[in-house]
2 protein chains.
Amino acid sequence: MARLPFSQQVRQAREDAIVDAVNRLLAGKGFDLMTMDEVAGEVGIAKASLYKHFDSKEALAAAAMKRLLGRAEVELDRIAARDGLDALGRLKAVVHWTMTVQLAGEMPSLPSQNSSLRAALMADMDYMTLLMGVSERLSSWILAAQADGALSPKVPPEVVLYTLFARACDPVLAVLKAGGHPDDQVIDWVMATTFDGLSAR
Amino acid sequence: MARLPFSQQVRQAREDAIVDAVNRLLAGKGFDLMTMDEVAGEVGIAKASLYKHFDSKEALAAAAMKRLLGRAEVELDRIAARDGLDALGRLKAVVHWTMTVQLAGEMPSLPSQNSSLRAALMADMDYMTLLMGVSERLSSWILAAQADGALSPKVPPEVVLYTLFARACDPVLAVLKAGGHPDDQVIDWVMATTFDGLSAR
DNA sequence: GTCTATATGAAGATAGAC
DNA sequence: GTCTATCTTCATATAGAC
């Protein structure tokens, strides 16, 4: 590992702090309601300084999403390395992790319909590469689970994938948590509805 | 039925047109990205005229939501009047209807985290009354379906209710539709994931 | 790179004539 | 009630000194 020059380490640390704040704000109020003033305030620097590190508000959100996807990769590695987990078990572990992240207030939820943001993300090659990487690893587990007969044959892999992504930012979690239920309980319930469905088995 | 004075009929028609436009815009881009200029433009009147009918942007959104809830009541009546539907069948019919509305581009989705809007809605007694009315009717069907043994005993009624509401604005629908799949197919898939779950039965 | 101060533009809401 | 024109606020982004 080559050591970076000290000045670059400082810069990196500052940018991490910025992305931390962005991540928190995105999780708490979403992209549209997050303001650059708030970000600067949380980090404790001037708003203009933000723009020395990131070109735009969209770039900030992209940075948070890229970090999240990077962490997802790490988590996928960890899950893949676990013993005694079949494909379905791995998918459940992934969903469990995303729900834990969300309940911890660390899931940057990008309200799904913002054109400027969507355009910026789709034009960001690093982001797209990370997203596809995660999607493909999940897809391979989905296919394996279907081959095992563990996943419903009625639902195509594509639909399973989107459903897993959707559960990662499911607003039901926040509502139940606000209702006073402990995190573990909330996760158990939503895991049950996701994998077993509402109907009795 | 007492006839309203002509002038009031005109006013009513105009307000319906306004709420139509708001409903469409809320479904298409959400509350935060909808602007009063757009609403006025869609209706074909001046922005200032909007404010002669509705006090604020929040009031516009509330009007759209109230009309939706009113329509939901009508739909619940219709479903309740159908022959040969047990409680679970009724719940499925409700979800089917909400998904149809969403795919038709008529589901005003209020991004779940907007404090000014949430506050306005919670302070709107008419809205709250309608919301509670719908919630209670759904809850009674949920309880009945659970008594039938048709719903999973692992999931409390409260969780079922929130899940049904969440499916009404599930972004997965739009993604699948954008993927080129016909509406019926999309609905079948999401109905299957909602009630039967992702795991094989 | 960090700051203060400011440019620029967008959007909610209003004034006042008709 | 409808319009045009305007007010006000606020948020993204930038200028320019240090």
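To find a chain, count down the sequence lines: A is the first, B the second, and so on, and within it residues start at 1.
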Could you check how far [atom1] of [X] sits from [atom2] of [N], rounded to whole Å?
| X | N | atom1 | atom2 | answer |
| --- | --- | --- | --- | --- |
| Glu38(B) | dG12(C) | CD | P | 9 Å |
| Met36(A) | dA10(C) | CE | P | 18 Å |
| Leu117(A) | dA11(D) | CG | P | 18 Å |
| Phe54(A) | dA13(D) | CZ | C1' | 16 Å |
| Lys47(B) | dT2(D) | NZ | C1' | 15 Å |
| Glu15(B) | dG1(D) | CD | C1' | 11 Å |
| Leu60(A) | dT12(D) | CG | P | 10 Å |
| Asp37(B) | dT4(D) | CG | P | 12 Å |

Selection from [options] that lies nearest to any side-chain heavy atom of [X]:
| X | options | result |
| --- | --- | --- |
| Glu58(A) | dT4(C), dA11(D), dA13(D) | dA13(D) |
| His53(B) | dC3(D), dT2(D), dA13(C) | dT2(D) |
| Lys52(A) | dG12(C), dT2(C), dA15(C) | dT2(C) |
| Ala48(B) | dT12(D), dT14(D), dC3(D) | dC3(D) |
| Thr35(A) | dG1(D), dT12(D), dC3(D) | dT12(D) |

### Message
For Asp55(B), I'd like to know if atom CG has over 12 heavy atoms of other residues, nucleotides or ligands within 6.0 Å.
### Response
no
### Task
Look at atom CZ of Arg118(B) and say whether more than 12 heavy atoms of other residues, nucleotides or ligands are closer to it than 6.0 Å.
no
### Query
When you check the phosphate oxygens OP1 and OP2 of dT14(D), does a side-chain N or O of Tyr51(A) lie under 4.0 Å from one of them?
no
### Query
Quick one: is Arg11(A) getting a side-chain N or O under 4.0 Å of the dG1(C) phosphate, OP1 or OP2?
yes
[X] with [Y]: basic N within carboxylate O range, under 4.0 Å:
| X | Y | result |
| --- | --- | --- |
| Asp86(A) | Lys92(A) | no |
| Arg67(B) | Asp20(B) | yes |
| Lys57(A) | Asp32(A) | no |

### Summary
Per-helix bend value, the helix from dG1(C)-dC18(D) to dC18(C)-dG1(D), C1' rotation axes over five pairs per end, 10° rounding, shows 20°
### Task
Go through the steps to decide whether Leu198(B) and Leu164(A) satisfy the test side chain to side chain contact (heavy atoms under 4.5 Å, CB included), and finish with yes or no.
CA-CA 10 Å; Leu198(B) 297 176; Leu164(A) 297 184; 3.8 Å; yes
### Task
Scan Ser49(B) against the nucleic acid and name what it touches under 4.0 Å (heavy atoms): base, sugar-phosphate only, or nothing.
base
### Query
Just checking Lys57(A): base, sugar-phosphate only, or nothing, at a heavy-atom cut-off of under 4.0 Å?
sugar-phosphate
#### Entry: Closest non-hydrogen atom pair between Leu121(A) and Tyr127(A), with its separation
O-CD2, 3.4 Å
